[in-house]
Visitor: 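Pasting a structure here, questions to come.
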Amino acid sequence: MIEVSPSLLAADFARLGEAVETVNRSNASYIHIDVMDGVFVPNITIGFPVISAIRKIATKPFDVHLMIVDPGRYVSQVRDCGAEIMNVHWEACTHLDRVVHSIHDAGMKAGVTVNPATPVELLRDIISELELVLVMSVNPGFGGQKFISNTINKVRRLRSLIAETGSKAKIEIDGGVDLTTAPALIDAGADILVAGSYVFRAPDPVNAIDRLIDLSR
């Protein structure tokens, strides 16, 4: 069964609490939270105080996606915000193995994200240590971008790599996910779909989430 992680990046930030409550009522598995620093990506979003605030009302696990330079500096802060998953970019970590072990030592699951131009094969020596691999299907930094079609082949290669290495990592996709792109992603081997604009711009976000889940039934 496919899992859905609605991305708060596409929610109305003036009504963020309402967006969280909507996800609480849904069959989503996680809440996806993008933290951007304006350096690693050309945008700035919410930080740790806001994440801590919405943790008080959220009932879903937090998948915190750090699109920032040197994310290993913030392991304790992410943990203290109540995150279950800390997701860092391969491109942002000079010592990725050290960061992954720090995340585990802090009691969180470790995810590693790869940008559209980054081959998944570069994860071979770390993938057995991961609970999650996030494949960006758009260039990181802004919501509402067009889905990059080569992502489908990339997911297939990643699924093969996971099988070859015996990794238990789940495959998560972020960017341009909707009812048009989701079927091919599911068929290629995706486990979790991050959906932002598709969910929060829908007339009924709860129903929109169910429609994605139903694609895998």
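Only a predicted model underlies this, so the values are computations on that prediction, with no experimental measurement involved. When reading the values below, keep in mind they use all heavy atoms of this one structure, side chains included, and skip hydrogens, waters and symmetry mates.
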Visitor: Quick one, Leu8 and Phe200 - any side-chain contact, counting heavy atoms below 4.5 Å?
Guide: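 Yes; the side chains approach each other to less than 4.5 Å.
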Visitor: Working to the nearest 0.5 Å, report the span between CG of Leu134 and NE2 of His32.
Guide: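 Nearest 0.5 Å value for the CG-NE2 distance: 5.5 Å.
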Visitor: Side-chain contact, heavy-atom cut-off 4.5 Å: Tyr74 with Val88?
Guide: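 A side-chain contact is absent here, since even the closest heavy-atom pair is not under 4.5 Å.
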Visitor: As an exercise, state the distance from CD of Glu172 to CE of Met136, rounded to the nearest 0.5 Å.
Guide: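 Between atom CD of Glu172 and atom CE of Met136 there are 10.0 Å.
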Visitor: In terms of hydrophobic clusters joined by side-chain contacts under 4.5 Å, are Val4 and Ile173 together?
Guide: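 Result: yes, single cluster for both.
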Visitor: Between Val75 and Met108, does the side-chain contact (heavy atoms from CB on, under 4.5 Å) criterion hold? Intermediate values first, please.
Guide: CA-CA 9 Å; Val75 172; Met108 295 180 287; 3.9 Å; yes
Visitor: For Cys93 and Val99, which heavy atoms make the closest approach, and how far apart are they?
Guide: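 Closest approach of Cys93 to Val99, heavy atoms only: SG-CG2, 4.2 Å.
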Visitor: Strictly distance-based, threshold 3.5 Å: is any side-chain N or O of Glu131 a donor or acceptor partner for the main-chain N or O of Ala169?
Guide: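 Here the side-chain-to-backbone pair does not exist.
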Visitor: State, to 0.1 Å, how close Ser137 and Phe147 come at their nearest heavy-atom pair, and which atoms those are.
Guide: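 Ser137 and Phe147 have their closest heavy atoms at CB-CE1, 3.5 Å.
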Visitor: Same cluster for Ile148 and Val177 if Ile/Leu/Val/Met/Phe/Trp/Tyr side chains link at under 4.5 Å?
Guide: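 Not linked; separate clusters.
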Visitor: Any chance you could measure Asp97, atom CG, to Ser102, atom OG, to the nearest 0.5 Å?
Guide: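 The OG atom of Ser102 is 9.5 Å from CG of Asp97, to the nearest 0.5 Å.
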Visitor: Which atom names give the shortest non-hydrogen contact between Lys146 and Val138, and what distance separates them?
Guide: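 Shortest heavy-atom contact: O-CG1, 3.4 Å.
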Visitor: Any donor-acceptor pair under 3.5 Å linking the side chain of Ser29 with the backbone of Glu3?
Guide: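 It does not hold such a pair.
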Visitor: Just wondering, do Asn150 and Pro116 contact through their side chains at under 4.5 Å, heavy atoms?
Guide: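 They are not in contact (no side-chain heavy atoms under 4.5 Å apart), so the answer is no.
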Visitor: Give a yes or no on whether Leu212 and Val206 share a hydrophobic cluster (residues Ile, Leu, Val, Met, Phe, Trp, Tyr; joining criterion: side-chain heavy atoms under 4.5 Å apart).
Guide: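 No; tracing contacts between hydrophobic side chains, which count when under 4.5 Å, never links both residues.
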Visitor: Could you tell me which non-hydrogen atom of Ala11 sits nearest to which non-hydrogen atom of Ala19, and how far apart they are?
Guide: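 Closest approach of Ala11 to Ala19, heavy atoms only: CB-CB, 3.7 Å.
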Visitor: For Val114 and Leu122: C-alpha separation, side-chain torsions, deciding distance, then whether side-chain contact (heavy atoms from CB on, under 4.5 Å) applies.
Guide: CA-CA 9 Å; Val114 289; Leu122 291 171; over 6 Å; no
Visitor: Can you check whether Val135's main-chain N or O pairs, donor with acceptor, with Lys154's side chain at less than 3.5 Å?
Guide: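 The answer is no, because no donor-acceptor pair under 3.5 Å joins these two groups.
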Visitor: What about Ile31 and Leu9, same hydrophobic cluster or not, with Ile/Leu/Val/Met/Phe/Trp/Tyr joined at side-chain heavy-atom distances under 4.5 Å?
Guide: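 Each belongs to a different hydrophobic cluster.
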Visitor: What distance do Asp34 atom CG and Thr45 atom OG1 have between them, rounded to the nearest 0.5 Å?
Guide: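 These two atoms lie 6.5 Å from each other.
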Visitor: How many angstroms lie between atom CG of Leu185 and atom OG1 of Thr180, to the nearest 0.5 angstrom?
Guide: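 Spacing of CG (Leu185) from OG1 (Thr180) equals 11.0 Å.
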Visitor: Quick one: does any side-chain atom of Arg55 pair with a main-chain N or O of Gly82 as donor and acceptor, under 3.5 Å?
Guide: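 Judged by distance alone, yes, a pair lies under 3.5 Å.
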Visitor: Under a 3.5 Å distance rule, please check whether Arg15 uses its side chain to pair with a backbone N or O of Asp12 as donor and acceptor.
Guide: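 Not a single qualifying donor-acceptor pair exists.
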Visitor: Just wondering, are more than 12 heavy atoms of other shown residues or ligands nearer than 6.0 Å to NZ in Lys60?
Guide: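 Yes, because the 6.0 Å sphere around NZ of Lys60 holds more than 12 heavy atoms from other groups.
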Visitor: Taking C-beta and beyond as the side chain, do Ile209 and Pro6 meet within less than 4.5 Å on heavy atoms?
Guide: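 A side-chain contact exists here, since the closest heavy-atom pair is under 4.5 Å.
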Visitor: Could you tell me whether the side chains of Glu21 and Asn24 share a donor-acceptor contact shorter than 3.5 Å?
Guide: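 Their side chains do contain a donor-acceptor pair, which is all the 3.5 Å distance test asks for.
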Visitor: Would you indicate whether the side-chain heavy atoms of Leu96 and Trp90 approach each other to under 4.5 Å?
Guide: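 In contact.
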Visitor: Which atom names give the shortest non-hydrogen contact between Ile33 and Ile54, and what distance separates them?
Guide: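 Looks like CD1-CD1, 4.0 Å.
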Visitor: Measure up the His65 and His89 rings against each other and bin them: parallel (under 30°), tilted (30 to 60°), perpendicular (over 60°).
Guide: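 Rings of His65 and His89: parallel, under 30°.
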Visitor: To check you understand the geometry: which heavy-atom pair defines the closest contact between Ile51 and Cys81, and what is its length?
Guide: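 Heavy-atom minimum between the residues: CG2-CB, 3.6 Å.
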Visitor: Of Val23, Val64, Ile85, Val194, which meets side-chain contact (heavy atoms from CB on, under 4.5 Å) against Tyr30?
Guide: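 It is Ile85, the one option of Val23, Val64, Ile85, Val194 that forms the side-chain contact (heavy atoms from CB on, under 4.5 Å) with Tyr30.
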Visitor: Quick one: are Leu132 and Asp191 in side-chain contact, heavy atoms under 4.5 Å?
Guide: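 Not in contact.
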Visitor: Let me confirm one number: the CG-CZ distance from Leu123 to Arg157, rounded to the nearest 0.5 Å.
Guide: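 It is 11.0 Å, given to the nearest 0.5 Å.
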Visitor: Show the numbers, then the answer: is there a side-chain contact (heavy atoms from CB on, under 4.5 Å) between Val120 and Val133?
Guide: CA-CA 9 Å; Val120 295; Val133 175; 5.6 Å; no
Visitor: Membership question, hydrophobic clusters at under 4.5 Å side-chain separation (ILVMFWY): are Ile46 and Met36 in the same one?
Guide: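 No: no chain of side-chain contacts under 4.5 Å links Met36 to Ile46.
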Visitor: Would you say Asn115's side chain and Ala117's backbone share a donor-acceptor pair under 3.5 angstrom?
Guide: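 Absent.
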Visitor: Salt bridge or not for Arg98 and Asp105, using N-O below 4.0 Å?
Guide: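 No salt bridge links Arg98 with Asp105.
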Visitor: I'd like to know if the side chain of Asp210 and the backbone of Ile213 have a donor-acceptor N/O pair within less than 3.5 Å.
Guide: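 Not a single qualifying donor-acceptor pair exists.
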Visitor: So, the side chain of Asn87 versus the backbone of Asp63: is there a donor-acceptor pair under 3.5 Å, distance only?
Guide: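 Such a contact is absent between Asn87 side chain and Asp63 backbone.
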Visitor: Checking side-chain contact (heavy atoms from CB on, under 4.5 Å) for the pair Arg211/Tyr198: CA distance, chi angles, key distance, verdict?
Guide: CA-CA 11 Å; Arg211 293 181 71 189; Tyr198 164 77; 3.7 Å; yes
Visitor: Just by distance, do the side chain of Gln77 and the backbone of Phe48 share a donor-acceptor pair under 3.5 Å?
Guide: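 A pair under 3.5 Å: no.
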Visitor: Using the side-chain contact (heavy atoms from CB on, under 4.5 Å) definition, which of the options Val78, Leu66, Thr113 pairs with Pro71?
Guide: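 Option passing the side-chain contact (heavy atoms from CB on, under 4.5 Å) with Pro71: Leu66.
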